[in-house]
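To start, the structure itself, in structure tokens.
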Amino acid sequence: MARNRVAVVGGGIIGLAVARQLLASNADVTVFEKEPTVGAHQTGHNSGVVHAGLYYVPGSLKATLCRRGVTLLEEFVEAHSIPYEQCGKLVIAQNEVEKDRLDGIHQRALANGVPGVRMIGRDEIGDIEPHARGVRALHSPATAIVDYPAMTRALATDIERRGGRIRLGSAVTGVSERSADVLVDSDSGTESFDRVIACAGLQSDRVAVDSGEDAYPKIVPFFGDYFLLAVEKSGLVNGLIYPVPDPKYPFLGVHVSRTVHGDVTLGPNAFLSLGRESYDRRQVSLKDTLDAVGFPGFWKFAAHNMSAAVRETRTALSTRAFVEQARQYVPGIELKDVRRGPRGIRAQAMNRDGSLEDDFVITGSSRVLHVRNAPSPGATSSLAIAEHIVQEANRRSA
Ligand SMILES: Cc1cc2nc3c(=O)[nH]c(=O)nc-3n(C[C@H](O)[C@H](O)[C@H](O)COP(=O)(O)OP(=O)(O)OC[C@H]3O[C@@H](n4cnc5c(N)ncnc54)[C@H](O)[C@@H]3O)c2cc1C
């Protein structure tokens, strides 16, 4: 029987996980990645946290695929000797309002089956993180850190070892379904496939439109800056220290995180990016900026989130305001101890009315599927998202 020919658009962690999963079901796989390396965008610019599944609505794709993703990720990193450390996480409340919200997160974590989570008081916060401050905290001992770029490279090696092809520097410009096949136009020409799975991250809405799908949900890029703590101060933090997130805002807030390479990072904040792939603060993409600011949904979203918008504007404009966010949790961090680190840009899917897609979103036909929203915990969940997508593709074509 002829092998199923599948094109995967995007060589981030999700595209590569999907390609590997397809190869396991004996498909003939070609990955198209427009950049010269894999993992060049969100996958290579994130916090490196393996989320345990605390925050997500029970029963949602995020909740189920995060938990399954952790199991698969642990097996993968063990088999490929990828740096991984179960350093644990505290989500710290500073006042009564946050204590109530933390109770809600605790209930979700229990419903999601997160192992070992428990609520702790001021004294125990000090036992786990002696330099942290707060009135109450949720402790998740199973939350971990990992080297996602190394994991992505290992996925790429696995794909090639199993006979898959990865075409670097090859941007897909169109996908069209015909009666017998699907044509993929790219920098390397036009090729015929049986199926296409697009995992294009920050460009996912554009790739979807180029294949005849709806323009919504639209990707709105939110940058997140990181600062790095001076090495002499890295002893201030043992693991991961997070604020209680604003329930109306999709991002987790400035956190203090250890990385597998021994750095301690502060961040990321969240502010509209003037370019979907502009990691340099001075680099502005006119096309992307007009696309975002000309989208009425974005302004509706901003109007509904004024307090978060004000907070994030302050952190975007002032390093002092940024560091103050982290100092609420670890007061020993001082402005002189930090230097600017990398920037990440999140692909957040937004509907026409400015509401956000909270869950992972997969759309498409029996032969062309699009991952249209895969924000955090997308890297944690990547291997489980891949399992889910391949099952979904098989179900739709059955
Ligand atoms: C600041 C930040 C912090 C985060 N922290 C965490 C965390 O700690 N833990 C966690 O689990 N998740 C985290 N995430 C989320 C996680 O990084 C993403 O969910 C995940 O990387 C998404 O992977 P992806 O493959 O979908 O996207 P990407 O990594 O963005 O990959 C998409 C790829 O598609 C390619 N592409 C786009 N268009 C085309 C085209 N036309 N032709 C060919 N190729 C194309 C791009 O070049 C890119 O390489 C974070 C994200 C950000 C931005």
**Message:** Whether K62 and D359 form a salt bridge (side-chain N of Lys/Arg under 4.0 Å from carboxylate O of Asp/Glu) is what I want to check.
**Reply:** no

**Request:** Without swapping roles, check the side chain of D353 against the backbone of S355 for a donor-acceptor pair under 3.5 Å.
**Result:** yes

**Message:** Given 3.5 Å as the limit, does a donor-acceptor pair link the side chain of R108 with the main chain of Y55, or not?
**Reply:** yes

**Message:** What I want to find out is whether E357 reaches R372 closely enough, with some N-O distance under 4.0 Å, to be called a salt bridge.
**Reply:** no

**Asked** For atom CD of Q283, is the number of surrounding heavy atoms from other residues, nucleotides or ligands below 6.0 Å larger than 12?
**Response** yes

**Item:** Side-chain donor/acceptor of Q94 to backbone N/O of Q328, under 3.5 Å
**Value:** yes

**Item:** Same apolar cluster (I L V M F W Y, side chains within < 4.5 Å links), F360/V390
**Value:** yes

**Item:** Polar side-chain atom of E33 near backbone of E35 as donor-acceptor pair, under 3.5 Å
**Value:** yes

**Asked** In the single-linkage hydrophobic clustering (I, L, V, M, F, W, Y; side-chain heavy atoms under 4.5 Å), do L266 and F251 co-cluster?
**Response** no

**Asked** Between R396 and R195, is any pair of side-chain heavy atoms under 4.5 Å apart?
**Response** no

**Verify same cluster id: V9, I362 (apolar side-chain graph, 4.5 Å)** = no

**Asked** Within the side chain of R367, is there an N or O that forms a donor-acceptor pair under 3.5 Å with the backbone of R178?
**Response** yes

**Request:** For the residue pair H139 and E129, establish whether any side-chain heavy-atom pair is separated by less than 4.5 Å.
**Result:** no

**Asked** Does the side chain of I145 reach to within under 4.5 Å of the side chain of T259, using non-hydrogen atoms?
**Response** no

**Message:** Please determine whether the number of non-hydrogen atoms from other residues, nucleotides or ligands lying under 6.0 Å from atom CZ of R314 exceeds 12.
**Reply:** no

**Asked** Salt bridge or not for R5 and D28, using N-O below 4.0 Å?
**Response** no

**Message:** In the structure I gave you, are the side-chain heavy atoms of F295 and Y216 within less than 4.5 Å of one another anywhere?
**Reply:** yes

**Prompt:** Side-chain contact, heavy-atom cut-off 4.5 Å: P217 with N373?
**Reply:** no

**Asked** Would D187 and R167 pass as an ion pair if we require N to O under 4.0 Å?
**Response** no

**Asked** Same hydrophobic cluster for M119 and Y242, using side-chain heavy-atom links shorter than 4.5 Å among ILVMFWY?
**Response** yes

**Message:** Looking at R339, I want to see if its CZ is surrounded by more than 12 non-hydrogen atoms of other residues, nucleotides or ligands under 6.0 Å.
**Reply:** no

**Request:** Considering only NZ, NE, NH1 and NH2 on the basic side and carboxylate oxygens on the acidic side, decide whether R206 and D288 come within less than 4.0 Å.
**Result:** yes

